[in-house]
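So you know, we letter chains A, B, ... as the sequences are listed, proteins then strands, and number each from 1. Just so you know, these numbers come straight off a predicted model, no measurement behind them.
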2 protein chains.
Amino acid sequence: MLTIGKLGDAAGVKVPTIRYYEQIGLLPEAERSAGNQRLYSRKALERLAFIRHARSLGFTLEAIRDLLSLSDRPDQSCAAADAIARAQLAEVESRLARLTALKAELERMVVQCAGGKIADCRVIEVLGDHAHCATDHCHPHADHLE
Amino acid sequence: MLTIGKLGDAAGVKVPTIRYYEQIGLLPEAERSAGNQRLYSRKALERLAFIRHARSLGFTLEAIRDLLSLSDRPDQSCAAADAIARAQLAEVESRLARLTALKAELERMVVQCAGGKIADCRVIEVLGDHAHCATDHCHPHADHLE
DNA sequence: CCTAAGTTCTCTAGCAACTAGAGCTTCAAG
DNA sequence: CTTGAAGCTCTAGTTGCTAGAGAACTTAGG
């Protein structure tokens with residue numbers, strides 16, 4: 001049995017985060033010692049490592065909640081898990097595309113600023129004028145910041 | 001003079017967001033009509049468009065606050081503005097790199113899941129075992145989610 | 001056995017950057 | 001003149017944590 005600190009070290013998750021996961025029901029309520037301290041089994045460590053890994057891949061806690069409840073029923077079809085992962089992949093691809101466009105624009109913006117004055121600053125100028133904007137990230141709805 | 005709704009339409013920013021920007025001091029307090037409604041000048045529209053565009057490029061409100069105060073002093077050197085933009089570019093580049101790695105891992109994860117059962121599901125399996133993870137996003141501190 | 005340091009406990013509040021809702025007033029069109 | 005849209009203020013919620021207060025527990029040394 002591990003104390004919360006050891007568990008956190010083992011899984012690479014901070015202690016308050018573990019308590020937070022328990023609070024929102026992502027982890028089950030931990031057993032307690034005589035002195036009311038949380039105790040964790042190896043299974044709990046695996047579950048936490050799963051969460052940690054999924055988070056590091058950008059899955060939301062909601063998606064992880066779904067994945068966890070799927071993994072608790074190993075006899076079911078994995079279509080749902082696959083769908084979640086594919087949705088996440090699509091998300092990442094779309095973010096990548098948008099970030100690539102942003103990078104291009106920032107690069108154009110930053111190229112020349114050779115010690116001039118603000119009045120001539122490309123950065124300020126470009127930000128102030130959408131006409132300079134090549135990509136269409138400006139107009140419809142730039143939701144790439146979530 | 002524009003009402004807040006027209007301003008929002010013109011700049012592509014939602015009405016509550018404008019009020020929020022005013023509340024946190026990113027926009028100056030608006031003039032008011034006889035009936036206490038906010039009225040905006042062309043200058044305010046420009047300022048809001050500036051904010052909107054910078055946000056769409058991923059600048060934080062803090063960075064935008066700095067950029068705005070720089071743009072209010074056009075006689076100064078633009079080195080500071082340049083530095084902010086370069087920092088933002090570096091941020092974007094780093095996020096791009098991390099997202100690219102994530103995409104690769106998600107793709108590997110998602111490739112084969114041909115209607116099997118959860119027990120054999122690559123998605124669940126990969127998430128449960130860090131050893132499957134090729135990239136190093138797992139261990140040191142995966143801060144790519146901000 | 002005792003004490004001091006280190007962990008853990010609960011609880012509340014805060015972060016970014018908004019968004020949503022309640023309940024009210026004002027404005028513009030017909 | 002009335003009705004419906006748009007405005008007002010205020011509070012609270014979102015996501016995924018993080019930080020702090022103040023109390024209790026646990027463990028190692030003397």
Check your understanding: Under 3.5 Å, side chain of Arg55(A) to main-chain N/O of Phe59(A), donor-acceptor pair present?
Key -> yes
Check your understanding: So if you build clusters from Ile, Leu, Val, Met, Phe, Trp, Tyr with side-chain heavy-atom gaps below 4.5 Å, do Ile4(B) and Met1(B) land together?
Key -> no
Practice item. Check whether any side-chain nitrogen or oxygen of Thr17(A) sits under 4.0 Å from OP1 or OP2 of dG16(D), and answer yes or no. Key: no
Review point. Is the closest basic N to carboxylate O distance between Arg47(A) and Asp72(A) below 4.0 Å?
Key: yes
Point to revise | Out of dT19(C), dC9(C), dC17(D), whichever nucleotide has its closest atom nearest the side chain of Pro16(B) | key: dT19(C)
Exercise for review: Could you check how far CD1 of Ile18(B) sits from C1' of dC8(D), rounded to whole Å?
Suggested key: 14 Å
Check your understanding: Is Arg65(A) salt-bridged to Glu62(A), cutoff N-O under 4.0 Å?
Key -> yes
Review point. Is there a donor-acceptor pair closer than 3.5 Å between any side-chain N or O of Gln88(A) and the backbone N or O of Leu57(A)?
Key: yes
Revision key, fill the gap. For Phe50(A) and Ile124(B) the tightest heavy-atom approach is CE1-O, 3.6 Å
Point to revise | Nearest-angstrom distance from the residue atom OH of Tyr40(B) to P of dA6(D) | key: 17 Å
Revision key, fill the gap. Taken to the nearest whole Å, NZ/Lys14(A) to C1'/dA19(D) is 11 Å
Review point. If you look at every strand shown and take non-hydrogen atoms under 4.0 Å, does Arg38(B) touch a base, only sugar-phosphate, or nothing?
Key: sugar-phosphate
Practice item. Rounded off to whole Å, could you give me the CG-to-C1' distance for the Leu2(A) and dT7(C) pair? Key: 14 Å
Check your understanding: Which whole-number value in Å describes the distance from Ile4(A) CD1 to dT18(D) P?
Key -> 13 Å
Check your understanding: Salt bridge between Glu46(B) and Arg42(B), side-chain N to carboxylate O under 4.0 Å?
Key -> no
Review point. Do Leu39(A) and Leu27(A) sit in the same hydrophobic cluster, where Ile, Leu, Val, Met, Phe, Trp and Tyr count as joined when their side-chain heavy atoms come under 4.5 Å apart?
Key: no
**Study point:** Distance, rounded to the nearest Å, where Arg32(A) contributes CZ and dT8(C) contributes C1'
**Key:** 10 Å
Review point. CZ of Arg55(B) versus C1' of dC18(C): gap in Å, rounded?
Key: 9 Å
**Study point:** Note: Glu29(A)-Arg38(A) ion pair, threshold 4.0 Å (strictly below)
**Key:** no
Enumerate the protein-to-nucleotides 25-30 of chain C contacts in which both atoms are nitrogen or oxygen and the separation is below 3.5 Å.
residue, atom, partner, partner atom, Å
dC27(C), OP1, Gly35(B), N, 3.1

Practice item. Mind calculating the distance between CG (Asp9(A)) and C1' (dG6(C)) to the nearest angstrom? Key: 13 Å
Revision key, fill the gap. Closest to the side chain of Arg19(A), out of dC18(C), dG7(D), dT8(C), is dT8(C)
Check your understanding: For DNA chain C, which residues in residues 21-31 of chain B have a heavy atom at a distance below 4.0 Å?
Key -> Tyr21(B)
